[in-house]
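Quick note on labels: first sequence line is chain A, next is B, and so on, each numbered from 1.
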There are 2 protein chains.
Amino acid sequence: MTAPPTAILVRSHVLALIRSGRLGPGNRLPTERVLCETTGAPRRVVRRALASLEAEGLIWRHQGKGTFAGQPAEPIGVLAAEVNGPSHPIEVMEARLCIEPELAALCALRCSAEDIQRMWALARHQYEAEDDDVIELWDSALHRMIAKSARNRPLQTAFALLDEIRATAEWQDLRALSRSTRSLGESRAQHQQIIAAIAARDPDGARAAMCAHLMARHAAMEAALVALAGEAAQAFRAEQGTDDNQGAEHA
Amino acid sequence: MTAPPTAILVRSHVLALIRSGRLGPGNRLPTERVLCETTGAPRRVVRRALASLEAEGLIWRHQGKGTFAGQPAEPIGVLAAEVNGPSHPIEVMEARLCIEPELAALCALRCSAEDIQRMWALARHQYEAEDDDVIELWDSALHRMIAKSARNRPLQTAFALLDEIRATAEWQDLRALSRSTRSLGESRAQHQQIIAAIAARDPDGARAAMCAHLMARHAAMEAALVALAGEAAQAFRAEQGTDDNQGAEHA
DNA sequence: AAGCGAACCAATCTGGTTTTTGTTCACCCC
DNA sequence: GGGGTGAACAAAAACCAGATTGGTTCGCTT
C-alpha cells in the first residue's frame, strides 16, 4: 500500500473485511490498534473512518467491548431470546407474519415525519448497496426502524425477540440459501411500497404491503428449507444413522 | 439457647430473620455455615429446615448463589417488568389483539384432540364458577391453553409476556373496573365460539372469534380507562396539586 | 493551524480464586 | 442396622486483579 493512508482507504479496507468476513451481524471487527497496523494509518484516521461507518449504521462500537458489524443487539431482545429458547425457522416466520404487519400498521398511525425520512434513507442505502450481505444489513435495519416507530412496547419486545433469533448463526446460511431463490429487486420494491403506505398514513396498506413482503420471504425460506432438508437427507443416507437424531424429529 | 438444636428452632430463627429483616422479596439470608454458628445446629439440621421452608415457598436457594426470601425471579417475570413499566394498557391490548387471534388460528390447525377436551373443561369450569375473580382465573387459563396448543414458541413467549403483565397489581383493579361495564355472559359465549371454531379445525373462524372477544374486552377496558381518568381528575381537583404527578402525565 | 504519536481514562473482558449450596463418605450412638 | 453427625468433596456462582479496547487529551512536529 504505497497510497497515502487516507480515511477512504481504511474505509474500504473495513468494508472488505465486513463483506468477506461472513458478517453475521454480530461479527466482531479487528481492534482499532490492529487496523492501524494493518493499514498503516494513524489511529485518528482509523477512528474517523469507523465513525463515518458507524454514522451510516454499518457498524457499532462500544468502549471496552470492540467494534461490530451490523446494529447493536438490544438487551431486551437477547433476554427474550433466552426466555424463548431455540425455535424452528418456520415458527419464527409465522410469528413475524403475525407481528410485523401489525407493527407496520401502527407505525403508519404513529410514526413521526423524521422517522419516515430515516426510513427513506435506509431504503436508499439499500438501493445503493451492491453486496448481498450489506443489503441484508439495511433490510433488517429498516424492519427494526419500523418496529421502533410503532411505539408499542410489548410488540416491539416480541419483534426484538424474533430479530435476535434471526441474528443467530444457523440463520445466516439459511438466509444465504433463500437469497438465491428470490430476486433481489423484488424485496426492494416491496420495501418502497411499505414505506410509501406508512408515509401516506395508510395503516391497512402498510399492513398488506408488509404481509406481502414477508410472505414472499416465507416462500423463499421454505424452498431453502426443503433444499436443506434434501442435503441433510443425503448426508443422513451417507452416514446411515451413526449419530443421534435430536435435531430432525418429524420434520 | 439451652433448648436442643432441633430443626424447629432453626426454622423459627430463620423465620424471625425473614420477618425482622425487611424482607424485600429478594432479600438474602445468612449462609448455611453462618446459620450453623448462630444457632449451634449442625448443617444437616439447618439444611433440613431450609428445605422445608423452600418447599413451602417462603425461600429459595441456588447453588453458589445463596438463600433468599420470597420466590425466585423468573426470567419471563423480569422481562415483563422491563416492558410493563413504560407501556400503556392500551398498548398491551393492541398487542394481544395482534397475537392472540393468530394463536387461536394456529391452535385450530395444530392442537390435539385432548387439548380441545381440556379447553371445553376449562370453559365448563368458568361456567360453573360464581365469583368474578375465579371467572377471570379460568378465563386466563383458557387463553393460556390456547397459546400453548398453538405450538409456536416465539408467539407463545410473547403471549406469556403479555399474560405476565396482565397479572401485575395495577392491572387487577383496572380489570375489576372494566368487569362492571360488560356482561359476564357475553365473554362466556365468545369463549364457546372460539373453542367451537378450534374444534372444527377452522383457523379463520377461530381467529375471527378471538378477535371479536378481545375487541369487546378492549372496548370495556377503554371505558374503564376513561372512568379511571375521570376519577384521577377528580382526585387531582380535590388535592389541587400537592403531590408529584409522575403517574398521570398528559393522560 | 492541522496532523501525529503517545499517554491516559473508563468500560469491558478474561482468567483464576473464593464463596456458597449440593452431595457423598466414613463414623458414631442408640 | 438405622439414623444422625461431621468432614471432605463437587458444582455453580460471585469476586477480584490484570489485560484489552474504544474514547479522550496532551504535547510535539510540520
Rounded to the nearest Å, what distance is computed from the [atom1] atom of residue [X] to the [atom2] atom of nucleotide [N]?
X       : N      : atom1 : atom2 : result
A:Phe68 : C:dC13 : CZ    : C1'   : 10 Å
B:Arg47 : C:dT20 : CZ    : P     : 14 Å
B:Trp60 : C:dG22 : CH2   : C1'   : 15 Å
A:Leu53 : D:dG22 : CG    : P     : 14 Å
A:Arg44 : C:dA1  : CZ    : P     : 15 Å
A:Leu35 : D:dT20 : CG    : C1'   : 15 Å
B:Glu32 : D:dA12 : CD    : C1'   : 14 Å

Would you state whether a donor and an acceptor, one from the side chain of [X] and one from the base of [N], lie under 3.5 Å apart?
X       : N      : answer
B:Arg28 : C:dT20 : no
A:Arg43 : D:dG23 : yes
A:Arg33 : D:dG22 : yes

Closest approach to the side chain of [X], judged atom by atom: which nucleotide of [options] is it?
X       : options               : value
A:His62 : C:dA11, D:dT5, D:dG22 : C:dA11
B:Pro42 : D:dG22, D:dG6, C:dC4  : D:dG6
B:Thr31 : D:dG22, C:dT20, D:dG6 : C:dT20

Margin query: Regarding B:Arg61, tell me which of base, sugar-phosphate or nothing describes its non-hydrogen contacts under 4.0 Å with the strands shown.
Written below: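 It contacts sugar-phosphate atoms only.
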Note to self: How long is the straight-line distance from SG of A:Cys111 back to CG of A:Leu103, given to the nearest 0.5 Å?
What the structure shows: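 The distance works out to 12.0 Å.
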Check: Under the side chain to side chain donor-acceptor pair (under 3.5 Å) test, which residues partner A:Arg61, sequence neighbours left out?
Finding: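 A:Arg61 satisfies side chain to side chain donor-acceptor pair (under 3.5 Å) with A:Glu32, A:Glu54 once adjacent residues are dropped.
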Margin query: With nearest nucleotide decided by heavy atoms, which residue, A:Gln63 or B:Lys65, maps closer to the 5′ end of DNA chain D?
Written below: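 Nearer the 5' end of the strand: B:Lys65.
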Margin query: Taking B:Thr157's backbone N and O only, do any of them form a donor-acceptor pair with A:Asn84's side chain (distance below 3.5 Å, no angle check)?
Written below: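 No: the side chain of A:Asn84 does not pair with the backbone of B:Thr157.
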Check: Aromatic ring centroids of A:His143 and A:His213 under 6.0 Å?
Finding: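 Yes, close enough.
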Margin query: Run the salt bridge (Lys or Arg N to Asp or Glu O under 4.0 Å) test on A:Arg217 and A:Asp139 for me, step by step, so that the C-alpha distance in whole Å, both residues' side-chain angles and the decisive distance to 0.1 Å come before the verdict.
Written below: CA-CA 12 Å; A:Arg217 303 207 64 168; A:Asp139 176 290; 3.1 Å; yes
